[in-house]
There are 2 protein chains.
Amino acid sequence: MNVDGKQMRPIWFDKDTETVRVIDQRFLPHQFIIKDLTHVDEVIHAIQEMVVRGAPLIGATGAAGVYVILVQENNQGMDDTWFSRECGRLKNARPTATNLRWGVNRVQAKVLEQTSHESRIQAALTESLAIMEEEADNCRQIGVHGLTLIQEIAARKPGQPVNILTHCNAGWLACIEYGTATAPIYTAHDAGIPVHVWVDETRPLNQGARLTAWELGKHGIPHTVITDNAGGHLMQHDQVDLVIVGTDRTTRAGDVANKIGTYLKALAARDNDIPFYVALPVSTFDWEITDGIRDIPIEERNPDEIRYVQGWHDDAIIRVQITPEDCPAANHAFDVTPARLVTGFITERGMCDASENAIKKMYPDQFKTD
Amino acid sequence: MNVDGKQMRPIWFDKDTETVRVIDQRFLPHQFIIKDLTHVDEVIHAIQEMVVRGAPLIGATGAAGVYVILVQENNQGMDDTWFSRECGRLKNARPTATNLRWGVNRVQAKVLEQTSHESRIQAALTESLAIMEEEADNCRQIGVHGLTLIQEIAARKPGQPVNILTHCNAGWLACIEYGTATAPIYTAHDAGIPVHVWVDETRPLNQGARLTAWELGKHGIPHTVITDNAGGHLMQHDQVDLVIVGTDRTTRAGDVANKIGTYLKALAARDNDIPFYVALPVSTFDWEITDGIRDIPIEERNPDEIRYVQGWHDDAIIRVQITPEDCPAANHAFDVTPARLVTGFITERGMCDASENAIKKMYPDQFKTD
């Protein structure tokens with residue numbers, strides 16, 4: 001995407017220095033900082049501390065992390081036990097997004113086909129760059145398929161903007177290009193369809209207020225930040241035409257893990273007969289599980305993310321405490337929206353219902369049964 | 001309630017100085033500041049800026065405000081046109097909580113029965129103090145009636161705490177004593193029943209994280225602050241036995257206006273078969289309307305409350321900006337939970353279903369029909 005006139009992605013390979021670089025998303029929108037990832041511990045730290053976040057980007061960062069393992073200082077070359085252990089550590093950096101395991105596994109397999117350290121490095125680089133291109137292309141296709149949804153609504157209310165609510169950031173910052181949830185929005189806007197986005201702020205880390213608002217603003221898309229509490233009220237008063245969110249892991253039966261609070265918006269959409277769509281590429285499906293509430297591990301993060309809020313004050317990023325000192329707090333990072341509340345999926349292959357049969361029909365080559 | 005060994009209420013009449021005093025709730029839990037209200041403009045400011053907040057307390061402050069009008073510097077004594085205009089300004093300080101009109105109207109009527117300025121002052125003082133005592137007593141009774149709900153749940157899970165989720169602050173800070181939503185919780189705790197409270201932080205002004213957590217902590221009640229996004233996930237995983245919230249206005253048919261986000265929790269409670277109760281005194285019913293979504297005015301507040309978060313940093317209260325500069329934001333302060341999602345009401349007269357018939361049966365003396 002275009003950031004103040006410069007074409008950027010949230011992760012890229014810098015050919016001059018042969019390093020993996022990422023935008024440090026912890027400090028946006030206040031500071032724009034770029035970070036080099038030169039050791040697997042830095043990659044793991046970047047994923048855990050949410051320097052990078054969002055399912056497709058975590059997958060791509062994991063993939064690039066396999067390359068980093070092979071080129072980092074003190075790498076152990078052709079020692080497969082060491083290599084496999086380091087890939088394992090990388091895969092376990094965060095539990096919920098399935099893309100991380102997917103990205104690491106894919107590059108790891110390609111590496112193990114090679115018989116020299118140099119060819120392994122080359123294979124890791126080639127495969128991780130291929131993943132980035134595929135994810136970018138998948139997002140572009142999600143935009144193309146999702147556009148039809150927005151066109152249909154626009155046709156019913158000529159001259160008025162289509163109001164779309166989204167939760168968290170499933171934009172290009174979370175992906176490689178376009179985003180998942182935002183891809184249809186960017187595509188519609190670029191096609192001249194008037195859109196307006198309700199941006200849930202997304203506590204505790206405010207990815208909506210910080211990242212989605214920043215992205216949409218840079219692209220010139222009308223938007224309004226609201227609290228996570230407000231979506232139901234807006235839906236009751238006909239202010240929302242469509243909900244589109246991303247996902248960190250979706251089961252083969254259509255249960256959707258996404259940022260905590262997504263389930264509440266899905267309930268409100270159902271109560272007000274508003275279509276609720278989930279946009280995702282193939283890499284975010286978990287083909288091995290059916291029941292998301294039972295089987296998707298939900299990350300619990302540091303309760304300080306609840307007790308404190310980070311923001312901009314006097315030209316610096318600081319954090320303020322909102323609770324009483326030492327107040328108990330709990331920080332579940334994701335929830336699961338059951339398939340019954342999902343109107344449909346928008347994927348790179350097209351749209352489908354949120355049912356095991358429909359997903360199987362869309363992905364016959366991927367589908368696994370017990 | 002007991003604050004560090006001192007018995008306190010959020011509003012009181014100081015006999016020595018003959019002034020109305022309030023706890024300034026904007027700065028809790030970080031600073032404990034007491035404010036004098038000596039002019040109606042200060043009373044209106046206190047209500048609008050949420051120095052005082054919560055339906056019963058806004059009602060009591062409005063009532064005391066009528067006394068302030070009569071004793072403030074440059075008061076216009078027996079000029080009824082002036083008096084009525086000032087009472088009108090006071091009633092319009094905030095639109096959603098019906099208690100404000102109720103409290104002002106009640107004292108205003110008593111004042112107008114008197115024929116001298118001195119007797120009017122005395123009548124205003126007597127009536128506003130009576131309202132405070134009645135509201136305290138109503139909250140005590142809400143606690144007694146709501147206790148049975150908690151006892152029933154406790155009996156089904158011996159040795160384990162009853163997990164209660166609440167949204168915003170409907171505690172003693174919002175009332176005069178005990179609170180509305182918290183009254184059954186305090187009563188159960190004091191009766192030796194183990195309880196644990198999930199405290200929604202309640203963006204944008206964090207009344208849960210700041211006020212409810214502070215209140216419960218002072219009383220020694222186990223509690224955990226969570227984001228407003230988290231309640232649905234906890235309910236899906238059997239971590240919530242009961243939801244109790246307060247209300248700013250409830251129609252005679254049982255539609256409940258409360259802090260924005262309440263509707264989302266009611267939807268999640270219904271989806272997970274968890275009882276969802278609303279605790280309120282008679283003063284919070286609006287006997288003149290039926291359809292809450294259509295007829296309850298929803299206050300829109302300054303969008304800066306969304307763009308910035310206030311908290312404690314370096315021994316001072318400051319605010320940090322979380323959105324991009326000049327980011328569009330919208331700030332609806334309340335939403336309406338339809339009666340169909342409410343399991344029941346806990347009032348000073350007992351419990352009843354959320355239906356026009358049940359409310360009529362509970363309050364035959366108050367009920368008005370078109």
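In the text below, chain A, chain B and the rest are named by the order of the sequence lines, each starting its count at 1. Because only heavy atoms are used, hydrogens play no part in the values below, and waters and symmetry mates are left out as well, while side chains stay in.
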Which portion of A:Q310 sits near chain B, non-hydrogen atoms under 4.5 angstrom = backbone
Measure across A:A330 and B:W198 and return the closest heavy-atom pair with its distance rounded to 0.1 Å.
-> CB-CZ3, 4.2 Å
Honestly, the part of B:F334 sitting under 4.5 Å from a heavy atom of chain A is backbone
Heavy-atom nearest pair, A:Q321 first then B:H30, reads O-NE2, 3.1 Å
Output for pair (A:D271 CG, B:L341 CG), nearest 0.5 Å, gives 6.0 Å
A:I306 side chain reached by B:I226 side chain, heavy atoms, under 4.5 Å | no
One should read off an interatomic distance between B:R203 CZ and A:E201 CD, to the nearest 0.5 angstrom, of 4.0 Å
At their closest point, which heavy atom of B:P324 faces which heavy atom of A:A213, and how far apart are they?
-> CD-CB, 3.8 Å
Which answer fits B:P328, side chain, backbone, both or neither, if we ask what part of it has an atom under 4.5 Å from a heavy atom of chain A?
-> both
Given side chains that start at C-beta, do those of A:Q236 and B:I298 come closer than 4.5 Å, heavy atoms only?
-> no
Can you name the nearest heavy-atom pair linking B:D228 to A:L264, along with the distance?
-> O-CD1, 3.6 Å
Could you go through the side chain to side chain contact (heavy atoms under 4.5 Å, CB included) check for B:H332 and A:T227 one step at a time?
-> CA-CA 9 Å; B:H332 300 87; A:T227 62; over 6 Å; no
For B:L234, is it the side chain, the backbone, both, or neither that has a heavy atom closer than 4.5 Å to a heavy atom of chain A?
-> side chain
So CG of B:D335 and CE of A:M235: to nearest 0.5 Å the spacing works out to 11.5 Å
Return yes if some donor-acceptor pair links the side-chain N/O of B:H313 with the main-chain N/O of A:R319 below 3.5 Å, else return no.
-> yes
Chain B contact via A:L211 - which portion, at a heavy-atom distance below 4.5 Å | neither
Option among A:D200, A:N229, A:I260 that satisfies the side chain to side chain contact (heavy atoms under 4.5 Å, CB included) test with B:N229 | A:I260
Quickly, which of B:T224, B:V199, B:V225 forms a side chain to side chain contact (heavy atoms under 4.5 Å, CB included) with A:C327? Name it, please.
-> B:V225
Quick one: closest heavy-atom pair of B:L267 and A:A268, and the distance?
-> CD1-CA, 3.5 Å
Which atoms of A:H223 come close to chain B, meaning under 4.5 Å heavy atom to heavy atom: side chain ones, backbone ones, both, or neither?
-> both
Assess whether side chain to side chain contact (heavy atoms under 4.5 Å, CB included) is satisfied between B:I318 and A:D314, documenting all intermediate values.
-> CA-CA 10 Å; B:I318 59 168; A:D314 265 357; over 6 Å; no
